[in-house]
Amino acid sequence: MPTTYPHDRMFVAAVTPFAADGSIDEPQFRRLLRYFLDTAAHVDDFGIIVNPEAGEVFYLSPDEQARVVEIAVDEVRGAVPLFTGFLANSTADAVAVAVRLAGIGGVNGLFIMPPIGALDVTMAWDPVAYPEVWADMIGAVTRALPDTPLICHPVAAPSAGYGVGLPLEPTIELLQRFPQIVGWKMTYNYEGFRKVARGIRTLDRHVGILAATAVNFHENLANGTFDGTVTGSFNYALEPMLDHIAAWRSGDHARALEIWNGGLAQLHEYIYEQWGRLHVRYKTAAWLHGVIDTPYMRPPMPLPRRAEIAHITHLIAKTGMKLIDDASIAAVTDRLPR
């Protein structure tokens, strides 16, 4: 489905495969990227984001972040838009990494996350009272790279009204101040999504409402606030998710509901059940679906539990998607804690 706005795309937030020793597994990563491109070859508005939170960018050095981008550029070769996340502890270092990654030929934009580090700017940050905590960082990036489009990953301390997403007031302030922001990843609970989507639609320019929490996609599509995605769920359920979205967009709502209730909703419900296990379960499900070879994460990210593997295996089977064989599952599971 062609889009009026070039950055309203169905972006996958790609995981980064690791070998058992914790190093980036480059052959696995190349295979994952080719899987995305081959599976979504019929989708006109697909895109890829590397070095997102789902890619464990928090635990990658600047050189590793650059290597991830180099591999992605080599595999994607301009077939779809390619954005990259970037991270460093200080603003100056983050800007330096952003400039380095944006300068790699084949990168179309940046995926920007709030600052990391001290309690003051992570768990205890009040973004309504102190929006400058992130605004100052965005400003530094846009001054260094004024022509580079940004997609935002607006996470904040959990709240009842918004889940783990940035509240409405600082969202609108940032979007008004920085025209380089072309897409807003909707990291919200269902109620927060509605509030922020309505607010974005009041702006005097278009900003893509990019759905993230896949467990709510059916309702997001029904509400007409689904310009595209930035989601890690495409790592483990790309085929039925693309079919579900295509059915909605074509007006075949009965088919969309059939796919949604055919196991896809239940799979997403389990993956998103606990925020503290979200990325562990993303990666475990991607491994069980056979698109990466291992579920290993870089410590301190934990390994999956055996019970999680067993339940995700059951849920994937219910969707009709393919699974790796029992011997491959056992080869990893037998070494894990219960």
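FYI, side chains are in, hydrogens and waters are out, and symmetry mates aren't considered; it's all heavy atoms of this structure.
For Tyr236 and His289, the distance between ring centers is not under 6.0 angstrom. In this structure, Phe217 has its ring center closer than 6.0 angstrom to the ring center of Phe226.
Side-chain atoms of Gln180 never come within 3.5 Å of backbone atoms of Asp147 as a donor-acceptor pair (strictly under, hydrogens ignored).
Residues Ser250 and Asp252 have side chains that never bring a donor and an acceptor to within less than 3.5 angstrom of each other. Checked by atom type, the side-chain pair His206/Asp8 shows a donor-acceptor distance below 3.5 Å. A donor and an acceptor atom, one from each side chain of His153 and Glu53, are located under 3.5 Å apart. Under the 3.5 Å distance criterion, with hydrogens and angles disregarded, a donor-acceptor pair is assigned to the side chains of Asn51 and Thr84. Tyr272 and Ser233 form a side-chain donor-acceptor contact under 3.5 Å, judged by distance and modelled atom types alone.
Cation-pi check for Arg281 over Tyr270 is met; the charged atom lies under 6.0 angstrom from the ring centroid and within 45 degrees of its normal.
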Inset, instruction - Give the C-alpha distance, both sets of side-chain angles, the deciding distance and a yes or no for side chain to side chain contact (heavy atoms under 4.5 Å, CB included) between Asn235 and Lys283. - result: CA-CA 8 Å; Asn235 288 282; Lys283 205 165 198 180; over 6 Å; no

Inset, instruction - Dump the intermediate steps for ring pair (Phe, Tyr, Trp, His ring centres under 6.0 Å) on Phe36 and Phe234, then the final yes or no. - result: CA-CA 9 Å; Phe36 291 146; Phe234 280 153; 8.3 Å; no

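Under a 4.0 Å N-O distance rule, the pair Arg31/Asp25 does not qualify as a salt bridge.
Evaluation of the salt bridge (charged side-chain N to carboxylate O under 4.0 Å, His left out) test over residues 82-100, restricted to residues two or more places apart or in two chains, returns Asp63-Arg100.
Scanning for ring pair (Phe, Tyr, Trp, His ring centres under 6.0 Å) contacts around Tyr162 gives an empty result, with sequence neighbours left out.
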